[in-house]
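Hydrogens, waters and symmetry mates play no part in the numbers below; they use all other heavy atoms, side chains included. Reminder, nothing fancy here: chain letters follow the sequence lines and each chain counts from 1.
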2 protein chains.
Amino acid sequence: MSNLQERLRERGWRLTAQRRVVAEVLTGDHVHLTADEVHTRASRQLPEISRATVYNTLNDLVALGEIREVGTNARAKRYDPNAHRPHHHLICTECGTIRDINPPITPAPTLTEAESLGFTITKTEITFRGLCPTCTSHPSTRAPSPSDA
Amino acid sequence: MSNLQERLRERGWRLTAQRRVVAEVLTGDHVHLTADEVHTRASRQLPEISRATVYNTLNDLVALGEIREVGTNARAKRYDPNAHRPHHHLICTECGTIRDINPPITPAPTLTEAESLGFTITKTEITFRGLCPTCTSHPSTRAPSPSDA
DNA sequence: CTGGCTGCAAAAGATTTGCATAACG
DNA sequence: CGTTATGCAAATCTTTTGCAGCCAG
């Protein structure tokens, strides 16, 4: 975690309280928060932090490659702090829960020359969709979303 | 294409002019339009069609499994008419172009019991990201987006 | 006929932007 | 100190909703 702050400083980032808090909120595995959730949690440590700053910081972190946007098909983007260890996702089609799939899994699929249609591929993301354990056992009950705790 | 209309009628759909036009716009391979693009194109054939109707129709078609939302990380969702033949996507990180990867490719990755964290997986989506041929050869020039022609 | 669509306009939700002030280095 | 980030509020963009009238079956 301090690694991150050092890396950012090296890249010429001003280390402000709000950036520190956002970076701190975005820590751990299976963390996939929306901008609004980040803002809510950050506010607990730094009440004056503004939404705009959260958005700015998130966008900067994405640009620096420190966090990643996760495609959920839902209205709001989610951010995944685990950008340095490439990994794939499991998404529950019922309640929206997202989980990281642990490290060195599934033989990375590759494309033939013909299949890649001239693209220079740099990243491969796999998303597995289905029912999470909770939604499997309570088919009708809507599981709570993994938002703010 | 008439297959689609028949299928819809069987499922109790009223076949209106606007639904027919939306379905018609969403036809072919490598078609990944935003709702707004669908509306623009549909308007060329049916000028009075409203945005709300386009959204309603798109949501209905998704619910029926006739089209699919594509996760692009961009603001607006895109819709892929090719929902019956499962396929993966190639997305250009520079200009946003999306292309379908042809049929029976890449050995479908699977998860072990441990990796799937109790999920019952029903779909696997693979997204390859990189530079499309155009953006590879014109590194600075911004390629036009594949929107309305 | 009649319930399910449509269009319009307004609402809601998510993200960005402009600008004056504050604060990091 | 000078730049660069912050906060606020307003602007944008995307999608949803409420409601009266219309039309496919």
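- What separates OH of Y79(B) from P of dT14(D) is a distance of 12 Å, to the nearest Å.
- Between the CD1 atom of I49(A) and the C1' atom of dA5(D) there is a distance of 11 Å, given to the nearest Å.
- A donor-acceptor pair under 3.5 Å is formed between the side chain of R78(A) and the backbone N or O of H32(A).
- Other residues, nucleotides and ligands place more than 12 heavy atoms under 6.0 Å from the CD atom of E48(B).
- Side-chain contact check for T134(A) versus C92(A): every heavy-atom pair is 4.5 Å or farther apart.
- In this structure a side-chain-to-backbone donor-acceptor pair under 3.5 Å is present from R11(A) to L64(A).
- Within the 3.5 Å criterion, the main-chain N or O of I49(B) finds a donor-acceptor partner in the side chain of H39(B).
- Between the R9(A) side chain and the L15(A) main chain, no donor and acceptor come within less than 3.5 Å of each other.
- In terms of hydrophobic clustering, with Ile, Leu, Val, Met, Phe, Trp and Tyr side chains grouped at heavy-atom distances under 4.5 Å, F128(A) and I101(B) are assigned to a common cluster.
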Study note, to complete from the structure: Heavy-atom contacts, protein to nucleotides 19-25 of chain D, under 4.0 Å, summarised as B (base), S (sugar-phosphate only) or - (none) per nt, yield ----BBS

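- Atom CG of L61(B) and atom CZ of R68(B) lie 14.0 Å apart (nearest 0.5 Å).
- Between its two ends, the helix from dC1(C)-dG25(D) to dG25(C)-dC1(D) turns its axis by 50°, counting five pairs per end and rounding to 10 degrees.
- OP1 and OP2 of dT14(D) both lie 4.0 Å or more from every side-chain N or O belonging to R51(B).
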Check the interface with nucleotides 9-12 of chain D: list each N/O to N/O pair with the protein under 3.5 Å, or write none.
none

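- Side-chain contact, N82(B) with H30(B): no donor N or O sits under 3.5 Å from an acceptor N or O.
- Checking side-chain atoms of T72(B) against main-chain N and O of K77(B) turns up no donor-acceptor pair under 3.5 Å.
- Boundaries of the chain A contact region on DNA chain C are dA14(C) to dG25(C), first to last in 5' to 3' order (nucleotide atom under 4.0 Å from a heavy atom).
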Atom pairs and distances, donor-acceptor, side-chain atoms in residues 50-60 of chain B, under 3.5 Å, two or more places apart:
unit_1 : atom_1 : unit_2 : atom_2 : d
S50(B) : OG     : T53(B) : N      : 3.2
S50(B) : OG     : T53(B) : OG1    : 3.1
R51(B) : NE     : D36(B) : OD1    : 3.4
N56(B) : ND2    : A52(B) : O      : 3.4
T57(B) : OG1    : T53(B) : O      : 2.8
N59(B) : ND2    : Y55(B) : O      : 3.4

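- Checked by atom type, the side-chain pair H89(B)/D80(B) shows a donor-acceptor distance below 3.5 Å.
- Sorted by residue number, the members of residues 54-64 of chain B with any non-hydrogen atom under 4.0 Å from DNA chain D read Y55(B), N59(B).
- Note: CD (Q18(A)) to C1' (dT4(D)) measures 12 Å, nearest angstrom.
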